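Below you'll find the structure, written out as structure tokens, and then a few comments.
One-based numbering, in listed order, for ligands and for the atoms of each. Below, all heavy atoms of this structure are taken into account, side chains as well, without hydrogens, waters or symmetry copies. Keep in mind it's a predicted model, so treat the numbers as computed, not measured.
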Amino acid sequence: MTAVVKSVTELRQVVAGARSSGQSIRLVPTMGALHEGHASLLRAARADGGFVVVSVFVNPTQFGPREDLSRYPRPFEKDLERCGQEGADLVFAPPVEEVYPPGFATFVEVQGWSDVLEGASRPGHFRGVCTVVLKLFLMAGPDVAYFGQKDAQQVIVLKKMARDLNVAVELRVCPTVREADGLALSSRNVYLSAEERGRALALVRALRAGRDRVLAGERDAEAVRRAVRGVAEGTPGVTLDYAAVVSADSLEPLTRLHGKVLLAIAARVGATRLIDNLLLSVTENEAAEVPV
Ligand code: PAF
């Protein structure tokens, strides 16, 4: 069973011990409810060597007032078991007051990057994500931190934060893990009924319809976006939030496709909001789907 610490003081002591024995520090930040997607991050960290810390913390500041904070799944014992199976060295599972003591007043915001796509639909979300991730970096002092491509905008915003604030942590991105039928793994998939689970496939089908247009030579971003929208909007029980075709470096909307292109989608399936994305590498004459 992996050791668990709950305070920043204990975390720093254990990490300092690992560092003094010559190990580099790897951090896998999570909100728990670990699935194969998280396991792939843990395996990547384990394979890179060093001392692997997993944080398990459902971060209240990244949830909006009408979001699922109170019902977010918290299967802590199962998560601990999973961390053990994947060879994590330490689990950091702080209570909320350890991260946000009374009177907490400092937040990090990547202006302009945090209020588009997910940020437009979930005001304040990335302010919460950036704040907690920077805090985790300062608490654990990792050399490398691991994130999933599934949350593409999160990765882009966090990389920008790290560049802007000279944060000396390398952010390593791991490919999205999917079920055999293509559904992207998400801790929120547990909310889906069997029928909704089938409908949720509209997200990946929509993205693949857009991708196929690009692979067939389409370079007009609006035409690709329409292809993505068409599939999602044509699926009963699925309410599209957005379908976007943007630069994967800057999140800027594109007119003509070139470089690293992100196809991103968000939709509500029943009461559950899901997101997904695909990444393409595009030139005028060639295009390919790339994992990260
Ligand atoms: O991706 C997540 O699970 C969360 O946004 C993160 C990075 C752990 C911050 O709370």
Distances only, to 0.1 Å: what are the N or O pairs between ligand 1 and the protein that fall under 3.5 Å?
from: ligand 1; atom 1: 1 (O); to: Q154; atom 2: NE2; distance (Å): 2.8
from: ligand 1; atom 1: 5 (O); to: Q62; atom 2: NE2; distance (Å): 3.0
from: ligand 1; atom 1: 5 (O); to: Q154; atom 2: OE1; distance (Å): 2.7
from: ligand 1; atom 1: 10 (O); to: Q62; atom 2: OE1; distance (Å): 2.6

Quick one: closest heavy-atom pair of K6 and A93, and the distance? CG-O, 3.4 Å
Testing the 3.5 Å rule here: is there a donor-acceptor pair between the side chains of S121 and E118? no
Does the separation of the ring centres of Y72 and F63 fall below 6.0 angstrom? yes
The reported gap from SG in C130 to CD in Q62 (rounded to nearest 0.5 angstrom) is 10.0 Å
Pairing residues for R82 by the side-chain hydrogen bond (donor to acceptor under 3.5 Å, both in side chains) criterion, not counting sequence neighbours: E36
For residues G148 and V173, report the shortest heavy-atom separation together with the two atoms involved. C-CG1, 4.3 Å
